[in-house]
Trainee: 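Questions regarding the structure given below will be posed in turn.
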There are 2 protein chains.
Amino acid sequence: MTEQIATRKSFRRAGEDKRREDLIAATLECVAESGLAGATIREIALRADVTPGLIRYYFPTKDDLISAAYRAVMDRMTVQAGDALKNAADDGRARLSAFVTANLGQPIMDPHNLSLWAGFIALVHADPIMAAAHRDGYLRFRDELEILIREALIAAGKPAEPHHTRRHAIAVNAIIDGLWLEGCLAGDMFAKGELAVTGVSAIEAVLGVSLQIEGGAA
Amino acid sequence: MTEQIATRKSFRRAGEDKRREDLIAATLECVAESGLAGATIREIALRADVTPGLIRYYFPTKDDLISAAYRAVMDRMTVQAGDALKNAADDGRARLSAFVTANLGQPIMDPHNLSLWAGFIALVHADPIMAAAHRDGYLRFRDELEILIREALIAAGKPAEPHHTRRHAIAVNAIIDGLWLEGCLAGDMFAKGELAVTGVSAIEAVLGVSLQIEGGAA
DNA sequence: GCAGTATTTATACGCTTGCATAATTACAGC
DNA sequence: GCTGTAATTATGCAAGCGTATAAATACTGC
């Protein structure tokens, strides 16, 4: 039996980018599993197979890490929704439909994402910097949506005046957010794909346009 | 100059109900001001003008207090929305419209409420008790909404089959939640009453029913 | 190979937290 | 008024938190 004297942890250096990524990933794991309260420096370090001190080397304060993680989640969701557009048909209606469906299905509509998001939203009220970060994200999302709506209206041969598309964007954004919430919080109460269908239908009604075109995309 | 020896805090006994109310109110103040993280036992006790130990007398654990506070918030919002119905006309369409408008205006659509709500939602994923509390509130709200929708459809002479009203309730609930979110987070970006109007319009489109009847309610 | 430095570990400090327990005190019933 | 008890305060503890700082180590350039 070898004497197990306290020995210093062996380690390998990792590039700055890699480390930051790993630390953010570990943070998201913690939050996903036990909420923001469970995302302690020590627990995060444990998951990243690193000692707590190192975190401070890359993120001066815990808030820096947390807000970086928040941005990462938002970016990830944006990218995931964007990917759905790449595979969509050219038609504006199909694109809008694909966008909505992507946002109301896996992996975006996920309780873990909600936990993270809610934790941050709770901070928005107290922290102006966080509030600004959130507003940026919100406006970016809504602008993207407004463009998709305009394209869908045009594809359907309907007028697309800015005054109307803005209001439509607000309403459609609400539908997506609201259903996303419902799905994240009580996904088991709905059949698979039910919320996506519900969302597309509601949006069709609001826009007065059918988003289903014959021989739809895959 | 009187000797200021450490003297025991004087106190008056309060009824059990009153104390519970006060403690919950103090909890809500804390959460509203600085998020769930700011709602510590000591800070809550301070606001309620009570010593920390007393909290344990009424709420065995902190989670008990927090979840009680969450239920209180939900109940309050439910009551406020319900009040709007009392003053509404008899017509099902007017009632639905009033309900939506109430939920998308003061005092329900308020950043403080959002902070509270988000803080709790962040816990739902990790805490089964909190999850149950939320689900109860959600279903109660949606059921109430479904009844209003059915009445509105009937008032408009439209069929109101359970299969349809359920889906409608899901969609309308999403619209209300989504717009409520938008308003709470960035109320200054919208004209007063804009979101309520947007919500009613969107719901009219989804239901295929006009909620505005000639000589509308006050 | 060797020296220098950026990266990582180790250790510890000061604070705050939720919770437990014992001592006190206001009130109710007689 | 006195007594008993329920409500409240006071005190303290053990654990966990974020952060600071110094020592050790893996890698880089020569």
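FYI, side chains are in, hydrogens and waters are out, and symmetry mates aren't considered; it's all heavy atoms of this structure. First the proteins, then the strands, lettered A, B, ... as listed; each starts at 1.
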Trainee: Identify whether the distance between the nearest side-chain nitrogen and carboxylate oxygen of A:Asp143 and A:Arg140 falls below 4.0 Å.
Mentor: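 Salt bridge between A:Asp143 and A:Arg140, a charged N being under 4.0 Å from a carboxylate O: no.
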
Trainee: Do the side chains of B:Arg47 and B:Glu43 get close enough for a salt bridge, i.e. N-O under 4.0 angstrom?
Mentor: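 Counted as a salt bridge, because a side-chain N and a carboxylate O are separated by less than 4.0 Å.
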
Trainee: For B:Asp64 and B:Phe59, indicate whether the former's side chain and the latter's backbone hold a donor-acceptor pair under 3.5 Å.
Mentor: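 It does not hold such a pair.
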
Trainee: Write down the distance between CZ (B:Phe11) and P (C:dA26), rounded to a whole number of angstrom.
Mentor: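 Atom-to-atom, B:Phe11 to C:dA26, this comes out as 5 Å.
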
Trainee: Considering only nitrogen or oxygen atoms on both sides, find all protein atoms under 3.5 Å from nucleotides 10-16 of chain C and state each distance.
Mentor:
{"unit_1": "C:dA10", "atom_1": "OP1", "unit_2": "A:Lys9", "atom_2": "N", "d": "2.6"}

Trainee: Of A:Ile55 and B:Lys62, whose nearest nucleotide on DNA chain C comes first from the 5' end?
Mentor: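 The answer here is A:Ile55.
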
Trainee: Rounding to a whole Å, what distance do you find between A:Asp63:CG and D:dG18:C1'?
Mentor: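 Those two atoms, CG and C1', are 10 Å apart.
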
Trainee: Between A:Glu16 and A:Arg20, is the closest basic N to carboxylate O distance under 4.0 Å?
Mentor: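 A:Glu16 and A:Arg20: salt-bridged.
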
Trainee: In whole Å, I'd like the distance from the CG atom of B:Asp64 to the C1' atom of C:dC19.
Mentor: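 Taking atom C1' of C:dC19 as the reference, CG of B:Asp64 is at 13 Å.
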
Trainee: Distances under 3.5 Å only, N/O to N/O: pair up the protein atoms with those of nucleotides 28-30 of chain C.
Mentor:
none

Trainee: For B:Asp188, give me all partners under side-chain hydrogen bond (donor to acceptor under 3.5 Å, both in side chains), at least two apart in sequence or on another chain.
Mentor: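 Applying side-chain hydrogen bond (donor to acceptor under 3.5 Å, both in side chains) to B:Asp188 gives A:Arg135.
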
Trainee: Can you say whether a donor on the side chain of B:Arg19 sits under 3.5 Å from an acceptor on the base of D:dA7, or the other way round?
Mentor: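 Checked by distance alone, the answer is no.
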
Trainee: Heavy atoms under 4.0 Å, any strand shown: does A:Phe59 hit a base, just sugar-phosphate, or nothing?
Mentor: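 Result for A:Phe59 = nothing.
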
Trainee: When you check the phosphate oxygens OP1 and OP2 of D:dT8, does a side-chain N or O of B:Tyr58 lie under 4.0 Å from one of them?
Mentor: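 For D:dT8, OP1/OP2 do have a side-chain N/O of B:Tyr58 under 4.0 Å.
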
Trainee: Should A:Arg166 and B:Glu194 count as an ion pair when the cut-off is N to O under 4.0 Å?
Mentor: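 Looking at A:Arg166 and B:Glu194, the cut-off is met.
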
Trainee: Looking at side-chain heavy atoms only, is the closest gap between B:Ile149 and B:His164 below 4.5 Å?
Mentor: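 A side-chain contact under 4.5 Å is absent here.
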
Trainee: Kindly say whether B:Tyr70 contributes a backbone atom to a donor-acceptor pair with the side chain of B:Trp117 at under 3.5 angstrom?
Mentor: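 No; zero donor-acceptor contacts below 3.5 Å.
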
